[in-house]
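The next block holds one structure in the form of structure tokens; read it before the comments.
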Amino acid sequence: MVDAAFVRSWVEEVASSVEDQRDYLTQLDAAIGDADHGVNMSRGFTAVRTKLADAANDGLAPGPVLALVGNTLVSTVGGASGPLYGTAFRRAGKALGDDGDVSPQGLLDGLRAALEGVQQLGAASEGDKTMVDALIPAVEAFAETLSTGGSLPEATTAAREAAEEGMRATTPLQARKGRASYLGPRSVGHQDPGATSTALIFAALERVAGRARG
Amino acid sequence: MVDAAFVRSWVEEVASSVEDQRDYLTQLDAAIGDADHGVNMSRGFTAVRTKLADAANDGLAPGPVLALVGNTLVSTVGGASGPLYGTAFRRAGKALGDDGDVSPQGLLDGLRAALEGVQQLGAASEGDKTMVDALIPAVEAFAETLSTGGSLPEATTAAREAAEEGMRATTPLQARKGRASYLGPRSVGHQDPGATSTALIFAALERVAGRARG
Amino acid sequence: MKKLINAPEDIVTDALRGMAAAHPSLRVDVENMVVYRADAPVSGKVGLVSGGGSGHEPMHGGLVGLGMLDAACPGAVFTSPVPDQLLAATKGVDGGSGVVHIVKNYTGDVMNFQLAAELAGDEGTKVESVLVNDDVAVEDSLYTAGRRGTGATPVVEKVAGALAETGADLGAVATVARKANERSRSFGIALTSCTTPSAGAPTFELGDDEIELGIGIHGEPGRIRRKIGPASELVGIATQAILDDYPFDRGDQALVFVNGMGGTPLIELYVVFNEVAKILEGRGATIARSLVGDYVTSLDMAGCSITLTKLDDELTRLWDAPVNTPALRWGV
Amino acid sequence: MKKLINAPEDIVTDALRGMAAAHPSLRVDVENMVVYRADAPVSGKVGLVSGGGSGHEPMHGGLVGLGMLDAACPGAVFTSPVPDQLLAATKGVDGGSGVVHIVKNYTGDVMNFQLAAELAGDEGTKVESVLVNDDVAVEDSLYTAGRRGTGATPVVEKVAGALAETGADLGAVATVARKANERSRSFGIALTSCTTPSAGAPTFELGDDEIELGIGIHGEPGRIRRKIGPASELVGIATQAILDDYPFDRGDQALVFVNGMGGTPLIELYVVFNEVAKILEGRGATIARSLVGDYVTSLDMAGCSITLTKLDDELTRLWDAPVNTPALRWGV
Ligand SMILES: Nc1ncnc2c1ncn2[C@@H]1O[C@H](COP(=O)(O)OP(=O)(O)O)[C@@H](O)[C@H]1O
Ligand SMILES: Nc1ncnc2c1ncn2[C@@H]1O[C@H](COP(=O)(O)OP(=O)(O)O)[C@@H](O)[C@H]1O
Ligand SMILES: [Mg+2]
Ligand SMILES: [Mg+2]
Ligand SMILES: [Mg+2]
Ligand SMILES: [Mg+2]
């Protein structure tokens, strides 16, 4: 079951892997963007950590936790990734509502809401070489696994694998959205930073689900 | 005897060795100045060549030729070396007067006048790490050789040797005049560009005197 | 990396404190990262707010003042400001007649301004957003992020600010801003990349004889890498790219803006201006106004951008109107 | 070397043509390399002429105009102008009340201006020469070339130009210029060398973590080479060097001029300004006026100089007086 502790450790896992991968994400962004994606994400999740550590936010249900994460990202990240990831977490939080325990199906609804929010705001479709290219396959794989009777850990593993595949698949693409699109054909041959950070988020989810099971 | 042809080929010799040594002079100036001495000298002597090639200046006596060289340097070089070398050649030209043939003693008077002009304008004494450090010993050696019965070629050789010695002697000195003085102790260990160009001028004189004899 | 900073994470706030100390005509909210003109909000006047990543100085903070912006929101280096800043600025300059957002067309800027505009609307402030997208190096397409906002931005801010100063209403100010944008085109050239304080190394590497054509203002590479050539050739390419998209011919009045990217000395910008002038004269267009200097920069990048704005009587009058900002000042 | 130029030997004249095309307020004699204000000579007004090597733009050509210089003579890059130029400029701006030469204290500048002044005197133009020597990095000694003229130069030119505009006589204009110089001190820091077009390579090499303290404005190395440190430390050293020579304390009114050397972005200059402000506030001195930007540059050198001028009522009034030049403009 997905409870507040689960969601909090997921966010904590994301925060620490963003720290680890900070420079890598920035290097990816240097190749086809403006060399700040890692810095942006780390600024955002550092703020998120502080927020979640604040006693005032103790005892929040999973949904409100994710909403708080989203609002914090919107308020601290800036750039393209800030509104996008912020909206994703906000929408997911909204979808989860105020339940203390969320079912795998409930988490899926949250992921679907996140994807919808990102696409509404950013108007990117699959193949535009953005975070959407990791997010869509991840959500689909997650849904697919559950619908065929898979467990939450299995669903998160499938989602992580699909996200990483989608991330790698951005390399040969020519960007049609975001900064990388300014490079035109020169954006080909580089992995998209946002798709990479999205894969990190699903890898964190998998680790937490694995621990929750064991 | 020093006639107009002699003086013109001296100036021509100076011009061509300034061309050859242009980058070297500029490098010396880069170390303790502003990296333009070679460029300045070459701009000046290129203009001098044009002036001397001008038919209007055919048939000038040695003195007026040197005065023309001086005026041209003042009008085209700029920087510190322009007024200094310009004044040197102007004063030398004045000292030679309008005689068509100048004795070695007359040439010595010209060199003395040049030195006096440089020191009046620049107020540098020997040891300040300037062109004066090459000019003073050169003029003295020239005088010394004549006074002991030496020939003009011998006097120019002595002058060239003394100029080069004075030039080398600037290396260990701390500059007290010109741009290099701003470096304080850091000016030590570098050969002075202006002393180097002065040595070139005496080397040119020696070559011409040697040819004149042979 | 060698920079005159204390720490990469402090550069923006330290610089804001410096602006506050240097310019009494500004009121700087360092904590919320907003630069206001000291007398904001000016009651009855339409407010003008712009913003974007830091690293483009003097844009935007240096363009705040009478006759131009009422507030500017600097983000982190090359990172759009967040909605909170933009909302605070929007409310802080609303003199009751609404606020114009001048937004350079970058995904991040557009989205953050959009969120701020929605929040401001909820709180009862009328907001009109004006998009600046003058960079001809990027082809204009519905299926991409579209053209970037670059050198035209100060021009748009200047004329909109001048009209707002006359008491014109929200719609009119937004309209003239859009008109200035539509009549402007830009193209940028980089001789070097730039080094963001947090990355600590150049965003891209260029050979000793290589340059990038069609760059933006975030240290990103451009459309084409090639060998350097004489200014006449490079300026020819840049100006032609503009003219192919938006011709200037006999009778046209041009505002010629030669902008330094931050690391190129002014003497070179005048060499560039001379080449642009030769081309325009060759076509019979008139250089009616000019601006030469570093206004829309990319940190320490060496290079320049050329912006041509086709003036009409209204735009010329508004360009000439008094302005009093740290970076642009005349008539007062 | 990568520069936006056509050929090293053309950079000065190409840039002069660019200035002529960009600024109708100037009259540029490209052949004789003199930049005049368009209405020179102003009859009855004392004329102001300055000049020096090129590579310091906007100084001096960008400081020509109402309330400042009547003419500027650019030499080759980093090379003093020749007497012919200076003589032409001196005669060209003599409105019958004589001409002030503002000369930065460099051997070459001093000698060329001196020769020009003698020639102008012979031709009946009264000339007063004012020497600018504000650089505290060089110790002041009778036995050396003395202190360099650096950041104080635009300050001296501004106040002298403002007084000349009031119709003051030759002696009075020269006196206020000398006063502004005597009340100003500067110190420069280089993060990189610069590349002169003709040399084609940096004048000196600096390690990735090395800087030069006490530099001049000709790309020459400074007094001390050291490792880079935070802005607070470097600005502390520079400001202390000034204050040791000329203290600013409670009640003193400072004009704080943070000048970019050409390759340093404005955001860093504001970081520097903030550090200077903290030091002056700590001593109780007041920042009465400020100037932040690239005014006295050394081609593409990265770094800055700090100039402090102790204002009195007269200097403040003259600083605030209207000025209309390409680089400095207010009140008109
Ligand atoms: N319109 C969009 N839709 C979805 N994702 C986008 C869009 N534009 C950009 N992105 C994502 O944002 C990432 C860049 O984020 P970041 O570097 O933090 O912001 P910025 O591009 O403003 O510097 C890109 O790698 C891409 O995945
Ligand atoms: N006061 C002086 N007296 C004599 N020679 C001087 C003086 N000042 C400078 N010089 C000479 O001028 C040389 C530099 O000339 P140059 O580089 O052409 O001019 P600048 O120093 O103005 O760039 C120095 O190497 C020095 O020999
Ligand atoms: Mg980015
Ligand atoms: Mg020199
Ligand atoms: Mg960014
Ligand atoms: Mg020089």
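Residue numbers begin at 1 in each chain, while the letters A, B, ... track the order of the sequences.
Per-residue counts of heavy-atom pairs under 4.5 Å with chain C were compared for Ala7(D), Gly61(D), Gly18(D); the largest is that of Gly18(D). Chosen from Ser232(D), Ala327(D), Pro326(D), Ala277(D), the residue pairing most often with chain C at heavy-atom distances under 4.5 Å is Ser232(D). With respect to chain C, the highest number of heavy-atom pairs below 4.5 Å among Met1(D), Lys3(D), His23(D), Met261(D) belongs to Lys3(D). Ranking Glu275(D), Met301(D), Lys2(D), Glu57(D) against chain C, the residue ahead of the rest is Lys2(D), based on heavy-atom pairs under 4.5 Å. When Ser290(C), Gly260(C), Ala22(C) are compared by the number of non-hydrogen pairs under 4.5 Å with chain D, Ala22(C) comes out ahead. Considering only heavy-atom pairs separated by less than 4.5 Å from chain D, the leading option among Leu299(C), Val332(C), Asn274(C) is Asn274(C). Taking Val292(C), Val271(C), Leu328(C) one by one and counting their heavy-atom pairs under 4.5 Å with chain D, the maximum is reached by Val271(C).
When all heavy atoms are compared, the tightest approach of Thr309(C) to Val155(C) is OG1-CG1, 3.8 Å. Across Cys304(D) and Leu4(C), no two heavy atoms sit closer than the pair SG-CD1, 3.8 Å.
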Yes or no on salt bridge (Lys or Arg N to Asp or Glu O under 4.0 Å) for Lys278(D) and Glu281(D), after CA distance, side-chain angles and deciding distance?
-> CA-CA 5 Å; Lys278(D) 282 193 275 181; Glu281(D) 278 153 24; over 6 Å; no
Check the pair His60(D) / Tyr295(D) against ring pair (Phe, Tyr, Trp, His ring centres under 6.0 Å), numbers first and verdict last.
-> CA-CA 9 Å; His60(D) 293 278; Tyr295(D) 293 94; over 10 Å; no
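Using a 4.0 Å cut-off between charged nitrogen and carboxylate oxygen, Asp320(C) and Arg289(C) count as a salt-bridge pair.
Relative orientation of the Trp319(C) and Trp330(C) rings is tilted, given thresholds of 30° and 60° on the angle between their planes. In this structure, His56(C) and His218(C) have perpendicular ring planes: the angle between them is above 60°, well past the 30° mark.
Ile228(C) touches chain D through its side chain: at least one heavy atom from C-beta onward sits under 4.5 Å away, while N, CA, C and O do not. Contacts between Leu234(C) and chain D at a heavy-atom distance below 4.5 Å involve the side chain alone, from C-beta outward. For Glu233(C), no part sits under 4.5 Å from any heavy atom of chain D, backbone or side chain. Both the backbone and the side chain of Ala21(C) come within contact range of chain D, each with at least one heavy atom under 4.5 Å from a heavy atom of that chain. For a residue to count as touching a neighbouring chain, one of its non-hydrogen atoms must lie under 4.5 Å from one of that chain's; by this rule Ile287(C) touches chain D with the side chain only. In this structure, chain D has no heavy atom under 4.5 Å from any part of Thr13(C). If you measure heavy-atom distances from Asp208(D) to chain C, the contacts under 4.5 Å come from the backbone alone. Within the 4.5 angstrom heavy-atom criterion, no atom of Thr297(C) approaches chain D. Only the backbone of Asp209(C) comes within less than 4.5 Å of a heavy atom of chain D; no side-chain atom from C-beta onward does. Proximity to chain D (any heavy atom under 4.5 Å) is shown, for Pro74(C), by neither the backbone nor the side chain.
Of the possible donor and acceptor atoms, none in the side chain of Thr239(D) sits under 3.5 Å from a partner among the backbone N and O of Gly236(D). A distance-only check finds no donor-acceptor pair linking the side chain of Thr195(D) to the backbone of Gly200(D) [under 3.5 Å].
Taken from CD in Glu210(D) to CZ in Arg226(D), the straight-line distance is 11.0 Å, to the nearest 0.5 Å.
Residues Asn259(D) and Thr307(D) are not in side-chain contact: their nearest non-hydrogen atoms beyond the backbone lie 4.5 Å or more apart.
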